Each structure stands twice: as C-alpha cells, then as structure tokens.
*Asks:* 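Dropping a structure here in structure tokens format, bear with me for questions.
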Amino acid sequence: DARPIWLSIPGAPRAGAMSWGSELWDQFDNLEKHTQWGIDVLEKYIKFVKERTEIEINYAKQLRNLSKKYQPKKNSKEEEENKYTSCKAFQSTLSEMNDYAGQHEVISENMTSQITTELTRYVQEVKQERKSHFHDGQDRKRTR
C-alpha cells in the first residue's frame with residue numbers, strides 16, 4: 001500500500017471524506033483543545049530535558065570533586081608512591097573519571113543547545129501561529 005502511514009490508522013480521515021473548510025467547522029473547540037494538548041506535551045518534555053540537564057551537570061561536578069579529593073598532594077609521601085603500578089592504576093582511574101565527568105558536561109550542553117533551546121523557540125512559534133489561526137477561526141465562527 002503506497003498510502004502514508006497515518007491514512008492506515010483506524011478512524012483517520014480518508015481522502016475526499018472531509019474538508020476542513022466546511023464539514024469540520026463544528027469541531028473548532030475540539031481542534032483548539034487538541035492543539036493546546038500538543039503544546040502542553042512539548043512544554044512538559046522541555047521541562048523534563050531541563051531537569052535531566054541539571055542532573056547531568058550535578059553528576060559531572062560530583063565526579064570531578066571525587067577525583068580531586070583523591071588526587072595525591074604535591075610534594076607529599078603519596079606522590080613518591082605513585083611510581084608503583086597499583087598507584088598508577090588508581091591515578092589512571094581518577095583521570096578516567098575526570099574525563100567521564102567531561103562527557104556528562106558535554107551531554108548537558110548539547111541537550112540545552114540542541115533540545116531545550118530549539119524546542120522552546122518552536123513552541124513559541126507554534127503558540128503564535130495557533131493564536132493567529134484561532135483568532136481567525138473565532139471571527140469566522142461568529143459570521144456563521
């Protein structure tokens with residue numbers, strides 16, 4: 001079947017079955033509720049992503065602090081002991097954990113710039129467009 005997937009959904013409009021201009025004029029309120037629901041879902045997702053980014057940032061800070069806490073002090077006995085294999089392995093683990101913290105910072109930054117910022121802008125555009133269309137729709141509804 002070469003039809004778009006949404007046409008195969010039960011209850012989906014079929015080609016030629018309805019026209020938004022005349023047959024669905026009485027569904028204005030339902031359309032208004034449905035579009036607001038879509039905006040609400042996007043805003044909820046944006047809030048989720050913001051909370052997730054905070055978790056990523058806090059986790060990265062905690063990893064960095066833990067790594068720093070166990071770094072040997074300069075000119076201490078621990079620094080002398082770092083020549084041993086087990087100490088080198090531990091230092092390598094601390095270094096790796098610091099790198100891991102950096103990865104979580106990058107994840108947070110990317111989520112903010114690529115998801116939160118973009119979706120927030122998109123939601124504002126949709127709200128403006130929706131407001132304009134519903135203003136026009138209300139005017140037409142009054143003239144019927």
Side-chain angles (χ1 to χ4, degrees), residues 1-76 78-79 81-82 85-144:
D1 194 0
R3 295 184 305 170
I5 187 108
W6 64 271
L7 286 177
S8 60
I9 299 171
R14 301 291 180 233
M18 296 183 220
S19 163
W20 287 103
S22 57
E23 285 85 3
L24 294 176
W25 64 269
D26 62 338
Q27 295 298 310
F28 187 79
D29 293 336
N30 287 336
L31 183 60
E32 190 172 17
K33 287 176 191 173
H34 182 73
T35 54
Q36 183 59 50
W37 173 82
I39 290 170
D40 293 345
V41 168
L42 281 175
E43 287 176 335
K44 185 176 183 179
Y45 183 68
I46 291 168
K47 185 178 177 187
F48 163 79
V49 172
K50 284 180 180 179
E51 288 181 29
R52 165 91 190 276
T53 22
E54 284 300 313
I55 290 169
E56 292 289 346
I57 285 292
N58 290 333
Y59 185 53
K61 285 178 187 174
Q62 290 174 338
L63 288 175
R64 285 200 192 279
N65 288 339
L66 183 62
S67 176
K68 187 177 178 181
K69 178 179 173 180
Y70 286 94
Q71 289 293 331
K73 308 294 182 248
K74 294 285 183 196
N75 301 322
S76 71
E78 285 181 43
E79 196 173 52
E81 295 169 351
N82 277 340
T85 305
S86 58
C87 293
K88 286 182 180 181
F90 184 53
Q91 288 303 308
S92 179
T93 300
L94 293 176
S95 177
E96 188 70 29
M97 187 167 55
N98 208 37
D99 292 345
Y100 194 57
Q103 291 173 0
H104 283 276
E105 290 168 343
V106 169
I107 289 169
S108 176
E109 291 166 8
N110 287 342
M111 289 177 79
T112 298
S113 67
Q114 296 174 9
I115 298 173
T116 306
T117 305
E118 293 296 320
L119 273 182
T120 300
R121 187 167 25 105
Y122 175 72
V123 166
Q124 293 309 313
E125 289 173 11
V126 168
K127 283 181 177 180
Q128 283 300 110
E129 188 175 342
R130 179 180 181 274
K131 183 178 178 181
S132 172
H133 288 302
F134 282 112
H135 179 71
D136 293 345
Q138 289 291 358
D139 289 345
R140 289 183 183 169
K141 195 175 177 183
R142 274 179 262 176
T143 60
R144 283 194 179 254

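Since the model is a prediction, treat every value here as computed from it, not as a measurement.
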*Asks:* Determine which pairs satisfy ring pair (Phe, Tyr, Trp, His ring centres under 6.0 Å) with at least one residue from residues 123-142, sequence neighbours left out, and list them in order.
*Replies:* F28-F134
*Asks:* Which residue pairs pass the salt bridge (Lys or Arg N to Asp or Glu O under 4.0 Å) test when at least one of the two sits in residues 110-121, sequence neighbours left out?
*Replies:* E118-R121
*Asks:* Can you list, pair by pair, the side-chain donor-acceptor contacts under 3.5 Å of residues 35-42, counting residues two or more places apart and other chains?
*Replies:*
unit_1, atom_1, unit_2, atom_2, d
T35, OG1, L31, O, 3.0
T35, OG1, E32, O, 3.0
T35, OG1, R130, NE, 2.8
Q36, OE1, R130, NH1, 3.4
Q36, NE2, D40, OD1, 2.7

*Asks:* Looking at residues at least two apart in the chain, or sitting in another chain, which of them share a side-chain hydrogen bond (donor to acceptor under 3.5 Å, both in side chains) with K127?
*Replies:* E43
*Asks:* Not counting sequence neighbours, list each pair that qualifies as a salt bridge (Lys or Arg N to Asp or Glu O under 4.0 Å) and has a residue in residues 52-62.
*Replies:* R52-E56
*Asks:* So how far is it from E129 CD to S132 OG, rounded to the nearest 0.5 Å?
*Replies:* 7.5 Å
*Asks:* So, using side-chain hydrogen bond (donor to acceptor under 3.5 Å, both in side chains) as the criterion, who are the partners of N30 when residues are at least two apart?
*Replies:* Q27
*Asks:* Between atom NZ of K68 and atom CG of L63, what is the distance when rounded to the nearest 0.5 Å?
*Replies:* 14.5 Å
*Asks:* Does T117 have any side-chain hydrogen bond (donor to acceptor under 3.5 Å, both in side chains) partners at least two apart in sequence or in another chain, and if so, which?
*Replies:* none
*Asks:* Please report the shortest heavy-atom distance between A60 and A101, naming the atom on each side.
*Replies:* CB-O, 3.3 Å
*Asks:* Suppose we screen for ring pair (Phe, Tyr, Trp, His ring centres under 6.0 Å). Which residues come up paired with Y100, at least two apart in sequence or across chains?
*Replies:* H104
*Asks:* Which value, rounded to the nearest 0.5 Å, describes the distance between E109 atom CD and I57 atom CD1?
*Replies:* 6.5 Å
*Asks:* So, using ring pair (Phe, Tyr, Trp, His ring centres under 6.0 Å) as the criterion, who are the partners of F90 when residues are at least two apart?
*Replies:* none
*Asks:* Donor-acceptor pairs under 3.5 Å, side chain of residues 91-98 to any protein atom, not counting sequence neighbours: which ones?
*Replies:*
unit_1, atom_1, unit_2, atom_2, d
T93, OG1, A89, O, 3.0
N98, OD1, R64, NH1, 2.9

*Asks:* With distance as the sole test, does T112 use its side chain to make a donor-acceptor pair with the main-chain N or O of S108 at under 3.5 Å?
*Replies:* yes
